[in-house]
Amino acid sequence: MQIYNTLTRRKEDFVPLNEGEARIYACGPTVYNYFHIGNARPFTLFDTLRRYLAWRGYKVTYVQNFTDIDDKMINAAHKDGITIGELADRFIAEYKKDAKALNISPADIAPRATEHIGEIVALIQALADKGLAYESADGVYFDTQAYPGYGKLSGQSLQDREAGARIEVDENKKNPMDFALWKKKKPDEPHWPSPWGDGRPGWHIECSAMSMKYLGENFDIHTGGVDLIFPHHENEIAQSEGATGKPFVKYWMHNGHINVDNKKMSKSEGNFFTVRDIAEKFDLEAVRLFLLSSHYRSPINFSAELVEQAQNGLQRLYNARDTWKARLDCAVDRLPTPKEQKLIAQTLPALKEQFIVHMDDDLNTAGAVGVLYDLVREGNTALVNEPALVAARAANDLLAELCGVLGLLYREGEAVDPQIEALAAQRQQARAEKNWAEADRLRAEIGDRGYIVEDSPKGYILKKK
RNA sequence: GGCGCCAUAGCCAAGCGGUAAGGCAAAGGUCUGCAAAACCUUUAUUCACCAGUUCGAUUCUGGUUGGCGCCUCCA
């Protein structure tokens, strides 16, 4: 597989540090609110990366943190009159609901910053010992001047940065680019003990501490949105490599942003959508398909129309799955016809190979989704009435397998209400008697109850609306 | 000012040196009691524009135009 590495700005072969293993750290949400559509993109896409690598046989360890202490947490907790712990508990629970609806698998490890203060303090101490951190009146800062590699991820020198930076002069820092590792306690703020007095960790240090704790000082992939390249990821590199003297992350992957009406989403612009908002109007699985339908590095636009398009496309996928399942039920255990034989021996394997080629090319999910539709068409063409069991099974299995890799088609067909089933049977009877009026009436009644009944030569098929 | 990204049909979107995947929408057809679903056909002689490299460029190079992002919390 090839992965575009932000560090080198090119696609590189993915060669894990330990053969057969993939250790991934994904920057997770700050749990002070529901997460928004922009957050949903990396969560969904890198969940797909993880699924894909696992499918290809890697032993994947996927860590995604919860940031549960920072200014936003403090402000939100204050506003609601609760502790940051209560706030975090609440929105971690809400995160899990939305993530589940988007079919994002739980991370193998989901560490919370506040539960890793010890590791964070130790890391800061290590930096201080190496002369890369200094204490000032309001905290402990990373000394960017003392660390030669600063800027290698974002590709800019300190001087370039400073030239145009709109940074206020801060007398607590030696250099404007220095950033806080530890913030000394202020009134009404949560705090923990440290060698530099009570206080709380800076934002960047938590990811360094937690990623290295669970994945080692040197691991394979670190993911996040493009906006995190600077300063967050740049700072993580400085902290981690500064402390250990070893290379930190081998591959940095960054997803593009989601815009709304071609503008950056922001609360002040009024174009801000949480996933929870969207779930009220749309099926979140359509949102997942929408997100997978373009390349993860491209900026994309979000709109209701685009989700509707995805919803319609998703319906095509579900139609295929449902009809194929029905075909499987009435498949015949016989030798496949030449056409079916070709499907089994040539078409299906070729499609699977194409799927892999796309995914291997820097996680080209859009191309992979295209293969899914090709598969649907091939299957629809080949799986006519009473297909050979082996053919029906092969097509069904491949569709389920590939959709599983992309995290699609996860809605299980629920058991049909026996009453609906009875109505459908009655309608079948009426049709046999050519009592079209009664048949149409029953179809309407079934429709009112939320189901669509379709006729096929082998009988009816019920689908949920 | 520094760094970087993007421009493919009505909409969305792959492709990135060998002559334009796929989805949505639309139209016609086949099938069907009628539908639905499905299938077939049609919808970009062309990939923002201008040069250049090449036997050949949507794909590479330079420029122009138009959008966007980071440099401050941010996915």
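As a basis for the values below, the full set of heavy atoms in this structure was taken, side chains included, without hydrogen atoms, waters or symmetry mates. Fair warning: this is a prediction, and the values are worked out from it, not measured in the lab. Residue numbering restarts at 1 for every chain, and letters A, B, ... go by the order of the sequence lines.
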Counting only Watson-Crick pairs (N1-N3 plus N6-O4 or O6-N4) and G-U wobbles (N1-O2, O6-N3), all under 3.5 Å, who is the partner of B:A7? B:U65

Looking at [N], I'd like to know if its phosphate oxygens (OP1 or OP2) sit under 4.0 Å from a side-chain N or O belonging to [X].
X	N	value
A:Asn380	B:A38	no
A:Asn301	B:C12	no
A:Asn312	B:A25	yes
A:Arg431	B:C34	no

Rounded distance (Å) that lies between atom P of B:G22 and atom CG of A:Asn364: 15 Å

What is the distance from CD1 of A:Ile446 to C1' of B:A35, rounded to the nearest Å? 13 Å

Look at all strands and tell whether [X] reaches a base, only sugar-phosphate, or nothing, counting heavy atoms closer than 4.0 Å.
X	answer
A:Arg297	nothing
A:Val453	base
A:Gly313	sugar-phosphate
A:Arg377	sugar-phosphate

Is the ring centre of A:Tyr373 under 5.5 Å from the base ring centre of B:G22, and are the two planes under 30° apart, so that they stack? no

Would you say the base of [N] and the side-chain of [X] have a donor-acceptor pair closer than 3.5 Å?
X	N	value
A:Arg443	B:A35	yes
A:Gln309	B:C11	yes
A:Asp455	B:C34	yes

When rounded to the nearest Å, what value does the distance between P atoms of B:U8 and B:A14 take? 10 Å

Sidechain-backbone polar pair: A:Asn172 side chain, A:Ser136 backbone, donor-acceptor under 3.5 Å: no

